[in-house]
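Keep in mind that the numbers below use all heavy atoms, side chains included, and drop hydrogens, waters and symmetry copies. In listed order, ligands and their atoms are each counted from 1.
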Amino acid sequence: MRLSNYFLPVLKETPADATIASHQFMLRAGMVKQDSAGIYIWLPLGFKVLKKIEQIVREEQNRIGAVEMLMPTIQSANHWKETGRYDAYGPEMLRITDRGDRELLYGPTNEDMITDMFRSYVRSYKDLPQNLYHIQWKFRDERRPRFGVMRGREFLMKDAYTFDIDPEASRVAYNKQFIAYLNTFARLGLKAVPMRADTGPIGGDLSHEFLILAETGESEVFCHKDLVDMSAPGVVSAADLQDVVNTRTSLYARTDEMHEADEFAKVPEDKQLTARGIEVGHIFYFGDKYSKAMNASVQGPDGKPHNVMMGSYGIGVSRLVGGIIEAGHDENGIIWPKSVTPFGAGIINLKVGDEAVDAACEDIYNQLSAAGIDPLYDDKNDRGGQKFARMDLIGLPYQITIGPRGLKNGVVDVKTRATGEKQEMSPQAAIAFISEQFV
Ligand code: 5CA
């Protein structure tokens with residue numbers, strides 16, 4: 001992408017209402033624009049990151065056999081009346097009336113709708129298990145939308161739903177999602193810690209939240225230090241599933257809502273970690289809470305009807321954009337992990353209009369594009385200082401700077417954003433160096 005052909009409205013000043021780094025940088029880097037409280041326009045740069053995160057979430061869901069679908073944002077109130085949640089959800093739910101006075105709502109989640117969908121097709125245990133997900137916008141009329149996309153009113157969620165014949169099978173489904181979450185967050189460059197959680201308005205008796213540790217997190221967390229540094233499990237066989245989950249769930253990890261000081265005190269003192277965290281995912285096992293209310297049963301091997309056992313599994317896809325920035329930035333701007341960076345590398349032309357510099361930049365741009373790096377070429381006629389500041393702000397992992405002086409000696413500058421390290425090398429070596437980083 002050529003910057004002259006892109007839409008990147010960067011801001012010099014930090015907007016006064018943005019108090020945390022991710023919110024400030026997302027506004028300044030031209031990733032989002034607030035349209036009204038908690039509702040954002042995703043500008044091209046932000047949209048690109050959002051889509052990359054979405055794709056990693058999708059791949060890890062597919063890997064555990066979850067099947068993608070798409071449910072609408074607007075739901076009929078009828079499903080919610082059947083489960084009793086129409087009243088229970090309260091003022092967080094955005095209620096809508098259509099021209100025929102029918103009650104609709106903008107979905108804050110989809111348990112009720114998918115249980116209705118499920119019962120109209122599935123009749124036998126032979127058609128189980130089922131594990132379905134979608135990635136769709138939600139609306140929750142939060143009392144205090146804040147921190148930009150971290151606590152929005154409209155936000156993008158991956159929500160999966162599992163259907164099984166009995167609690168044991170449902171536990172397997174829960175464990176698979178648990179593993180998928182660890183792998184997903186690791187690919188996003190995050191250390192997410194699973195913590196025992198309260199189930200809130202979703203209901204049920206088994207639940208884990210996944211939190212990334214950050215000073216600006218909304219939750220206070222208490223956990224065993226070893227959990228933070230455990231590496232992602234990767235592919236886990238059916239035989240090892242429960243063990244791998246157990247290693248993570250046997251160590252103490254709770255948010256303030258579930259915290260028990262005397263239990264935490266049993267953790268060796270040098271392993272006790274008290275910190276703040278951002279909830280990026282939440283999984284629930286709630287058995288027959290919805291299937292019973294909606295009479296969603298299948299015929300079991302015994303010939304009798306059984307209410308299906310269910311779980312639901314959410315990831316805050318749009319919140320993750322902010323969460324990843326909280327975990328990776330410095331005073332100059334964002335530092336993207338390679339897996340979700342909007343562009344692989346930036347190319348800075350220090351003298352637009354100089355024939356030799358223009359030609360070298362074009363050549364590097366074409367070669368990096370052909371190598372699949374998806375570079376952003378700053379071909380605008382701005383001052384060098386402005387170009388460097390803008391490139392640091394938007395946080396691409398690598399920058400190549402090409403100027404007339406270096407070029408005379410046959411070299412360009414390559415900067416690694418995360419470390420600030422700069423190296424001079426030939427244009428060809430620069431292309432090879434950057435390409436190697438993405439294999
Ligand atoms: N139905 C269940 C699981 S599918 C559910 O709705 N769970 S949830 O309420 O915990 O939401 C799932 C995830 O969405 C959260 O972990 C969080 O990362 C994200 N999320 C929730 N509320 C917001 C919000 N207001 N803004 C941004 N992300 C949010």
Side-chain angles (χ1 to χ4, degrees), residues 20 22-23 26 32 34 37-40 42 50 53-54 57 61 66 69 71 73 75 79-80 83 85 88-94 106-115 131-163 173-174 177-178 180-181 184-185 188 190 192-204 206-212 214 217-219 221 255 257 277-286 289-290 310-324 326:
I20 64 170
S22 59
H23 189 194
M26 285 184 76
V32 290
Q34 181 175 307
I39 301 179
Y40 289 85
W42 289 82
L50 187 70
I53 296 172
E54 182 184 312
V57 170
Q61 287 294 299
M69 63 183 295
M71 288 179 270
T73 54
Q75 305 186 21
H79 308 319
W80 292 71
T83 59
R85 283 215 291 181
Y89 226 93
E92 262 198 21
M93 187 188 277
L94 181 64
Y106 196 118
T109 176
N110 286 66
E111 283 84 1
D112 319 70
M113 177 182 273
I114 201 164
T115 307
N131 185 350
L132 298 165
Y133 76 98
H134 73 158
I135 300 172
Q136 178 62 292
W137 293 93
K138 305 288 187 283
F139 193 92
R140 293 183 186 173
D141 202 352
E142 299 274 350
R143 184 194 299 273
R144 269 192 83 193
R146 58 182 182 155
F147 301 152
V149 300
M150 295 265 240
R151 182 164 295 282
R153 293 200 296 166
E154 189 186 54
F155 60 97
L156 188 61
M157 195 200 286
K158 181 285 297 181
D159 38 326
Y161 303 87
T162 58
F163 303 87
Y174 185 92
Q177 285 286 352
F178 190 104
Y181 275 43
T184 302
F185 297 127
L188 297 173
L190 298 171
V193 184
M195 308 205 176
R196 270 301 289 273
D198 194 12
T199 53
I202 310 292
L206 175 62
S207 174
H208 286 91
E209 282 178 7
F210 291 74
L211 290 105
I212 54 174
E218 287 191 288
S219 324
V221 302
T255 64
E257 285 174 1
I278 300 166
E279 180 202 321
V280 288
H282 199 161
I283 61 178
F284 303 83
Y285 166 70
F286 43 74
K289 175 177 162 159
Y290 297 91
M310 292 176 58
S312 73
Y313 314 85
I315 290 184
V317 177
S318 51
R319 173 177 289 184
L320 274 165
V321 181
I324 291 169
E326 284 302 319

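Protein heavy atom at the shortest distance from atom 27 (C) of ligand 1 is Met150 O, 3.3 Å. Closest to atom 19 (C) of ligand 1, if we only count protein heavy atoms, is Gly316 CA, 3.6 Å. Looking only at heavy atoms of the protein, atom 26 (N) of ligand 1 is closest to Gly152 N, 3.0 Å. The protein heavy atom nearest to atom 7 (N) of ligand 1 is Phe284 CE1, 3.4 Å. The shortest contact between atom 4 (S) of ligand 1 and any protein heavy atom is with Asp159 CB, 3.3 Å. For atom 22 (N) of ligand 1, the nearest non-hydrogen atom of the protein is Phe155 CZ, 3.5 Å.
The ligand atoms of ligand 1 that sit less than 4.0 angstrom from a heavy atom of Gly314 are 3 (C), 4 (S), 12 (C). Of all the atoms in ligand 1, the ones that sit under 4.0 Å from a non-hydrogen atom of Val149 are 27 (C). Numbered from 1 in the order shown, with element, the atoms of ligand 1 that lie under 4.0 Å from a heavy atom of Val280 read 16 (O), 18 (O). Each of the atoms 10 (O), 16 (O) of ligand 1 lies under 4.0 Å from some heavy atom of His282. Atoms of ligand 1 found under 4.0 Å from any heavy atom of Glu111, numbered from 1 in the order shown, are 1 (N), 2 (C). Near Gly281, meaning under 4.0 Å from one of its heavy atoms, ligand 1 places the atoms 16 (O).
When Met157, Arg319, Glu279 are checked for heavy-atom proximity to atom 11 (O) of ligand 1, Met157 turns out nearest. The closest heavy-atom contact to atom 8 (S) of ligand 1, among the options Glu92, Glu209, Arg140, Lys138, comes from Arg140.
When side chains are defined from C-beta on, Val149 counts as touching Trp42, because their heavy atoms get closer than 4.5 Å. Inter-residue side-chain proximity for Leu206 and His208 is flagged as met; some heavy-atom pair is nearer than 4.5 Å. Between Met157 and His134 there is no side-chain heavy-atom pair separated by less than 4.5 Å.
The aromatic rings of Phe210 and Phe178 lie perpendicular to each other, with more than 60° between the two planes, well past the 30° mark. Relative orientation of the Phe185 and Tyr181 rings is perpendicular, given thresholds of 30° and 60° on the angle between their planes.
Taking a 4.0 Å cut-off on heavy atoms, Ser318 fails to register as neighbouring ligand 1.
Ionic pairing of Glu142 and Arg153 is not present here: no N-O contact between side-chain nitrogen and carboxylate oxygen is shorter than 4.0 angstrom. We find that Arg85 and Glu111 are joined by a salt bridge, their nearest charged nitrogen and carboxylate oxygen being less than 4.0 Å apart. Arg196 and Glu209 are not joined by a salt bridge, as no carboxylate oxygen comes within less than 4.0 angstrom of a charged side-chain nitrogen. With salt bridges taken as basic N to acidic carboxylate O contacts below 4.0 Å, one links Arg151 and Glu218.
The residue from Asp159, Asn131, Thr162 that alone fulfils the side-chain hydrogen bond (donor to acceptor under 3.5 Å, both in side chains) condition with Tyr313 is Thr162.
Contacts between Thr109 and ligand 1, counted as non-hydrogen atom pairs separated by less than 4.0 Å, involve the side chain only. In Tyr313, the part holding a heavy atom less than 4.0 Å from any atom of ligand 1 is the backbone.
Separation of atoms CE (Met26) and CZ (Phe147) is listed at 14.5 Å; rounding is to 0.5 Å.
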